[in-house]
Structure formats: C-alpha cells, structure tokens
Amino acid sequence: MKSHFVCVSVPPRWRQRKGCRARGGGRMECSWKTVLLLVCASLGVQYTAIRTLRDSLSGPCQGAYRCQTRHYRDSRWRALCDDSWVPVESPRKHILLFATTRSGSSFTGQLLNQHSGVFYVFEPLYHVQQAFTNSSTRLRRTLDRRALLGAYRDLLLNLYTCDLHFMENYIRPEPQDHVTSSFFRRSSSHALCSPPVCLEGGDGAASDQPDETWCPKKCGALNLTLASVSCLSRGHVAIKTVRVPEVRDLRTLSEDPRLDLKIIHLVRDPRAILASRMMAFSDQFRAWKIWNATGRQPRYVDLSQITSTCKDMAASVETGMQRPVWLRGRYLLVRYEDLALNPTEKATEIYKFVGLEMEDRVQMWIAKNTNTNLSSPSEWNYRYSTTRDSRATAESWRLRLGFDIVRAVQNLCNNTLALLGYKQVHSAAELRNLSHSLVEHRPQI
Ligand SMILES: *[C@@H]1O[C@H](CO)[C@@H](O)[C@H](O)[C@H]1NC(C)=O
Ligand SMILES: *[C@@H]1O[C@H](CO)[C@@H](O)[C@H](O)[C@H]1NC(C)=O
Ligand SMILES: *[C@@H]1O[C@H](CO)[C@@H](O)[C@H](O)[C@H]1NC(C)=O
Ligand SMILES: *[C@@H]1O[C@H](CO)[C@@H](O)[C@H](O)[C@H]1NC(C)=O
Ligand SMILES: *[C@@H]1O[C@H](CO)[C@@H](O)[C@H](O)[C@H]1NC(C)=O
Ligand SMILES: *[C@@H]1O[C@H](CO)[C@@H](O)[C@H](O)[C@H]1NC(C)=O
C-alpha cells in the first residue's frame, strides 16, 4: 500500500536559529512562535496539523519530504524535531542540470520537465544573483565568491526540500502574502502552471505554449505555498542552473545526507556557445558582432567570459572523471551535440542515470521537438526557444561565425576542446563543410 503525504513547510521569515527545549516525556518541543503548517493528505484524507518545531537553515528539520514514506507517517512529528535523526532512504530524486548559458540547457531541462513526477525549476539562482547585484555598493564590495555560492547552495537545498518560500528572500519586488508575479521563467515549469498551483492549466498545457507570458496570464500571480504543495506531491525535484561555476562548488550539496543528488553536467562546444550568446545577447556582444562582420578584432572585445566558461567546463569535467567519493554515482557528463544527434538514446541514458522511468510523454515531447522545421515561422521567442530542430542547431554555429573568431576561440579553449572531443578547424572551408563533423565519437576522457 502506498501512502502519500503532502506537506507545507514554514515560510523562511518564521525560521530563526532557535533551539528546541526538552519537555516532559523527553519529547522535543519548540519554545518559540514558529509554526509549521503541515497539510498531509493520506489516502484521500486530509490532515491539518499545526506544530511548533525547531528549525534552522541547515538543521535536520528541513525536509518535509520525510512525510512521504509510510514509515514516517506515525513518527513524522517527532522526527521533525528529533536530534537523533538519521537519513532515510528516500525515493525522492534531486536532479541538478548543471550547465552554462547557451549550452542547450533549456532543451535538456525540458526533457526532465516532461516527466509527470518531476517538479522542475528553471534557474532559480537568477533571483539570488539579481538580489546581490542590486544590493548596495558596500555590500557588493565585501561580498566574495564564497558568500554568493553559499546563498546559491542554501536556495538549492531549500528547493530540493520543497520550501519555495525560501525564494522570497531573493525575489524582487518582495512577494506579498507568499504570492509573486516575478518568478523567473515560470512558464518553463509544468508544475508551476498546472494544478494545484494553477487550476486553469490543464495537464501538459505548458509544452505547446510559445511564449513566457501565457502562464502568468492564465494562472495569475504565483502562490508559493501552493508551489510547495505541488513540489511535495510530485515526488522529484529537478533544477536547472547556469550560475554555479564548477562542479566542486556543489560538493556540500552532494554530501548532504538529506539529498540524493544527481548531477547532469551538460557541456557544449564553446564555439557554439559563443555563437549562440552572440545571437541571444547582442547588446552585450556588440564588439564580437563587429569582429564577426568585419573580420577584424576590436581592441575592446572581452575575451574573459568565454575563457572562463572553457576553464570552468574543463575543471568540472576533470573533477567528474577523477570520480571523487562525493561524486561517485552522482555525476553524468552529457555533450549537447550527442543529445541533439541522438535525442532518444541520450534521454534514455539520462533517465536511467537519475533513476526515473522515461515516460511516454517524454518520448512524445522528443519526437515533437527534435524534428521541427527550422525555417518555418516557429522561430518565436528565439532567445529561449527549445522547439527547434536539435540536429540542425547543434552545428549551425559553423555557418554563423567568422573563421577569425573561431580561430581565436580555439586558441583560448584548445584544452577544453581536446578534452571534450571537439575538433579544431584550420580553414574557413573546413569550418563551413558540414559533412565534415567536428564532434569526435566520444570525449577523449
Ligand atoms: C535592479 O535594479 C534595476 C535598476 O535599478 C531594476 O531595473 C531591476 O528591476 C532591479 N532588479 C531587482 C531584481 O530588483
Ligand atoms: C495561497 O495558497 C494557500 C494554500 O492553498 C492559501 O491558504 C492562501 O490563502 C493562498 N494565498 C493567497 C494570497 O491567495
Ligand atoms: C520548412 O518550411 C519552409 C517554409 O515554411 C518550407 O518551404 C519547407 O519546405 C519546409 N521544409 C521541410 C523539410 O519541411
Ligand atoms: C556573422 O556574420 C555572418 C556574415 O558574415 C552572418 O551571417 C552571421 O549571422 C553573423 N553571426 C553572428 C552571430 O552575428
Ligand atoms: C593548448 O595551447 C597551449 C598554448 O599554446 C599549449 O601549451 C597546449 O599544449 C595546447 N593544448 C592542446 C591540448 O593542444
Ligand atoms: C567536406 O568534408 C568531407 C568529409 O571530410 C570531404 O570528403 C569533402 O571533400 C569536403 N568537401 C570540401 C568541399 O572540402
């Protein structure tokens, strides 16, 4: 028999670092006003209970997901405040799509979003970065990389345990009554646009919608409490991020006994990444575009971004290949080009790695989104579009970049290219000859 609980955990502003006091009978009771609202629905019966609990950002009281196993049904109250808590073997998967901007992560993320049991969040760290970027100059000056990465990890951990309220610390303008209209790329997530979060959104509604505004239009502002309920009822959480520089920065999450983290490291040919960034962010890449158009390198062109993209990508792959204990069984390297050329085969591999069944709807989504006609008018919302012919787009950079730029990137990223199995080109003719593949059969690792 299967039991199924849905729990809503406390909003972060109620959480304070206060301890629990032992009360009569040795049970732990919390001495402060924090209230945990748990709505647990079991076998169609809805329980509502209000309890006090000890909690802290890193304490063991976080994961309401414990409620999901039958074993914890009777002991769930105690477990939430119990110091002697031990990790439960949880069937809940915590999937991290670890990628970089314009590496095909929207497409890959959608593969996970299609699964009916997955609660998918598209780049939640955007809000953290925005909040930090907009803070005062003084704070910005003192803010170091570690602090930002720490904030990233806190948010990821809270999302994996389905505390969507934690986002309120970062979303601007600040949500009122746990409701916000500013959730970044909400439309990318089925769960955030379908029941119970949105009663209007029917099953599968998100996949065919061509723009980012349909969901807020149809569903209204996002109730983060309902989002937490949805998260818990889905069973698995998948998060896509492009803001964590290296896989090493995920070590504490990977070692966290509350999580069963699976990291899908998505990489792509840096030349393709650059071409895609030039198209998507043309303001930021104005100098590159001048370079591309004139064949002459402007003095002020910023080479540092693509250089660090390459360095971070290589460093993460090397870490993954060294198979440290904290990553063992938790790291899968995926080249976007392989996924684009053999979507079904690669998606099957990804699903096997994360330990989920590849549902028919995932298959159907792949069939629909990897064969569309590139020159047809479906070029809507180009920046973030995933509905493109994956095969054609994977190599289209070769027709979009001048040889001069390609050569420059090859020099900056030669080690990364070699490591990942991307061949260098030595002439413009070789660059444009698409029957000559630049993707080695497999990465050289
Ligand atoms: C950051 O500041 C800019 C300019 O003041 C503003 O347009 C933007 O909305 C702010 N972003 C956030 C997340 O507050
Ligand atoms: C958000 O959803 C919760 C749970 O259904 C509900 O209690 C609350 O009133 C909602 N908030 C608003 C502002 O509608
Ligand atoms: C793609 O679309 C264009 C314009 O809509 C059409 O002319 C062309 O025949 C289509 N190609 C394929 C392979 O369907
Ligand atoms: C680079 O220039 C070519 C023409 O030389 C153009 O077709 C292409 O779109 C440009 N690429 C980018 C990314 O702007
Ligand atoms: C990359 O370039 C550097 C400097 O030019 C060189 O030392 C290194 O051997 C090259 N790496 C590969 C894999 O070709
Ligand atoms: C393009 O590449 C293919 C495969 O490497 C090669 O056989 C062909 O001669 C090349 N075409 C040109 C025009 O260089």
Side-chain angles (χ1 to χ4, degrees), residues 6-11 13-14 35-41 46-50 64 101-102 162-165 167-168 171 173-183 191-192 194-200 216 219-233 269-298 301 305-306 374-375 379 382-383 392-393 395-409 423-441:
V6 176
C7 308
V8 182
S9 56
V10 288
R13 69 166 59 103
W14 293 352
V35 175
L36 169 70
L37 172 66
L38 282 142
V39 183
C40 291
Q46 187 133 335
Y47 298 95
T48 303
I50 298 179
T101 324
R102 309 308 296 179
C162 290
D163 182 358
L164 272 287
H165 291 135
M167 294 279 284
E168 292 177 33
I171 294 174
E174 194 182 346
Q176 300 296 310
D177 297 325
H178 313 303
V179 170
T180 179
S181 318
S182 308
F183 198 96
L192 295 179
S194 54
V197 176
C198 172
L199 299 177
E200 297 293 311
C219 306
L222 176 63
N223 182 330
L224 293 165
T225 307
L226 284 174
S228 299
V229 171
S230 169
C231 176
L232 285 157
S233 69
D269 190 322
R271 296 164 295 189
I273 290 175
L274 177 68
S276 183
R277 286 178 184 172
M278 283 167 69
M279 302 287 283
F281 315 116
S282 38
D283 283 353
Q284 202 189 326
F285 281 83
R286 200 167 294 141
W288 286 89
K289 293 191 81 115
I290 291 169
W291 186 359
N292 180 57
T294 62
R296 221 169 299 145
Q297 177 178 357
V301 73
Q305 195 199 58
I306 192 71
L374 192 63
S375 52
E379 286 270 316
Y382 179 84
R383 277 163 63 118
T393 49
E395 295 238 70
S396 67
W397 66 270
R398 296 176 63 179
L399 306 175
R400 283 207 237 113
L401 280 190
F403 177 62
D404 207 43
I405 290 185
V406 169
R407 197 168 41 191
V409 175
K423 289 182 214 158
Q424 299 205 10
V425 292
H426 305 285
S427 69
E430 194 184 356
L431 173 65
R432 308 279 186 236
N433 182 357
L434 295 186
S435 48
H436 166 60
S437 173
L438 299 184
V439 183
E440 308 259 15
H441 191 57

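Counting convention: from 1, in listed order, for ligands and their atoms alike. Residue numbers start at 1 and run along the sequence shown.
Distance screen at 4.0 Å: atom 7 (O) of ligand 4 has no protein heavy-atom neighbour inside the cut-off. Distances from atom 14 (O) of ligand 6 to the protein include at least one heavy-atom value under 4.0 Å.
The option from D177, V229, L226, V179 that lies nearest to atom 5 (O) of ligand 2, judged by heavy atoms, is L226. With N292, T294, I290 as candidates, the residue nearest to atom 3 (C) of ligand 4 on a non-hydrogen basis is N292. Residue nearest to atom 12 (C) of ligand 2, selected from V197, L222, N223: N223 (by heavy-atom distance).
Without hydrogens or angle criteria, R407 side chain to G402 main chain gives no donor-acceptor distance under 3.5 Å.
Residue contacts with ligand 6 leave out A429, since none of its heavy atoms falls under 4.0 Å from the ligand.
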task: Take F183 and L224, measure what side chain to side chain contact (heavy atoms under 4.5 Å, CB included) needs, and give me the verdict at the end.
output: CA-CA 10 Å; F183 198 96; L224 293 165; 4.1 Å; yes

- request: Show your reasoning for whether side chain to side chain contact (heavy atoms under 4.5 Å, CB included) applies to Q305 and Q284.
  value: CA-CA 11 Å; Q305 195 199 58; Q284 202 189 326; 3.3 Å; yes

- prompt: After noting the C-alpha distance and the side-chain angles of T180 and E168, does the key distance pass the side chain to side chain contact (heavy atoms under 4.5 Å, CB included) rule?
  reply: CA-CA 9 Å; T180 179; E168 292 177 33; over 6 Å; no

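Nearest to atom 10 (C) of ligand 6 among the protein's heavy atoms is N433 ND2, 2.4 Å. For atom 11 (N) of ligand 4, the closest non-hydrogen atom on the protein side is R400 O, 2.7 Å. If you check which protein heavy atom lies closest to atom 4 (C) of ligand 6, you get S435 O, 3.9 Å.
Those atoms of ligand 4 that come under 4.0 Å of a heavy atom in K289, given as number and element, are 14 (O). For ligand 4, the atoms lying closer than 4.0 Å to a non-hydrogen atom of M279 are 13 (C). Close approach of ligand 4 to M278 is summarised as follows: ligand atoms under 4.0 Å from at least one heavy atom of the residue are 13 (C).
Taking 4.5 Å as the limit, every side-chain heavy atom of D269 sits out of range of all side-chain heavy atoms of V439. At least one side-chain heavy atom of L434 sits less than 4.5 Å from a side-chain heavy atom of L399. Side-chain contact between W397 and L274: absent, with no pair of heavy atoms (C-beta onward) separated by less than 4.5 Å.
Contact detail for S228 and L164: the closest heavy-atom pair is OG-N, 3.2 Å.
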